[in-house]
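Below: one structure, written as structure tokens.
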Amino acid sequence: MKDLQIRMPFIEGTIPNKLETMMGVKNLYHKDFMIGDPKPANFIKKATGEVAPIDFGLVFLKGNIRDIHMEVKREIVKDYIKGGHSFIPQEIKKEYTTAIFSLYPASAQIT
Ligand SMILES: Nc1ncnc2c1ncn2[C@@H]1O[C@H](COP(=O)(O)OP(=O)(O)O)[C@@H](O)[C@H]1O
Ligand SMILES: [Mg+2]
């Protein structure tokens, strides 16, 4: 049987700080990806200074929210309200928040 696993290489580096994590979120966003659980532990800072995502579990294409399961969408919105929002840089915060809340239209009620 075919090996259907996806593997990524081990990346040397350190856990980024808050500002560096925000940089990682912004880089992803400018490549049209969003991360449902933005936090330092889901990124790694390489010796070059580059901040790379390492946990793709809740990474999705901006324009492709249709395929995300309703329960997952709900978790993403809940995490965002709980603290994920603090890792979104100011310059993309408004559109990021709008996109996250559009995942779960009833999100105004979950806070
Ligand atoms: N490809 C990788 N290279 C280096 N470290 C990694 C890699 N993948 C995971 N890690 C380490 O493992 C930790 C947890 O990984 P993650 O993929 O976020 O798993 P989970 O969220 O399920 O716990 C990361 O914070 C990082 O320290
Ligand atoms: Mg993780």
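Start at 1 and go down the list; that is how both ligands and their atoms are numbered. We're numbering straight along the sequence, starting at 1.
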Open item on the list: Test your reading of the structure: does Ile11 have an N or O sitting under 3.5 Å from an N or O of ligand 1?
Closed with: yes
Open item on the list: Below 3.5 Å, N or O to N or O, backbone or side chain included: is there any such pair between Pro9 and ligand 1?
Closed with: yes
Within the protein, is there a heavy atom lying under 4.0 Å from [atom]?
| atom | value |
| --- | --- |
| atom 15 (O) of ligand 1 | no |
| atom 12 (O) of ligand 1 | no |
| atom 25 (O) of ligand 1 | yes |

- [ ] List the closest protein heavy-atom neighbour of atom 9 (C) of ligand 1: residue, atom name, distance to the nearest 0.1 Å.
- [x] Ile54 CD1, 3.9 Å
Open item on the list: Counting non-hydrogen protein atoms only, what is the nearest one to atom 5 (N) of ligand 1? Give residue, atom name and distance.
Closed with: Phe10 CE1, 3.6 Å
Task: Nearest to the Mg ion (ligand 2) - the N/O/S atom of Asp55, by atom name - done: OD2
Open item on the list: I'd like to know whether NZ of Lys62 has more than 12 heavy-atom contacts from other residues, nucleotides or ligands below 6.0 angstrom.
Closed with: yes
Task: Nearest heavy-atom neighbours spanning Pro38 and Ile88 - done: CG-CD1, 4.1 Å
Open item on the list: Under 4.0 Å from a heavy atom of Ala41: which atoms of ligand 1 are those, numbered in the order shown and with their elements?
Closed with: 18 (O), 24 (C), 25 (O)
- [ ] Would you mind listing which atoms of ligand 1 come within a distance below 4.0 Å of any non-hydrogen atom of Met8?
- [x] 1 (N)
Open item on the list: Please determine whether residues Ile44 and Met8 belong to a single hydrophobic cluster, defined as Ile, Leu, Val, Met, Phe, Trp and Tyr linked transitively by side-chain heavy-atom distances below 4.5 Å.
Closed with: yes
Open item on the list: Applying a strict under-4.5 Å side-chain criterion to I, L, V, M, F, W and Y, I'd like to know whether Ile68 and Phe101 cluster together.
Closed with: yes
Side chains of [X] and [Y], heavy atoms from C-beta outward: is any pair under 4.5 Å?
| X | Y | answer |
| --- | --- | --- |
| Phe87 | Asn42 | no |
| Phe56 | Ile6 | no |
| Asn27 | Glu50 | no |

Task: salt bridge (charged side-chain N to carboxylate O under 4.0 Å, His left out) involving Lys26 - partner list, sequence neighbours excluded - done: Glu91
- [ ] Could you name the option among Asn42, Thr14, Asp55, Asp37 that has the heavy atom nearest to atom 17 (O) of ligand 1?
- [x] Asp55
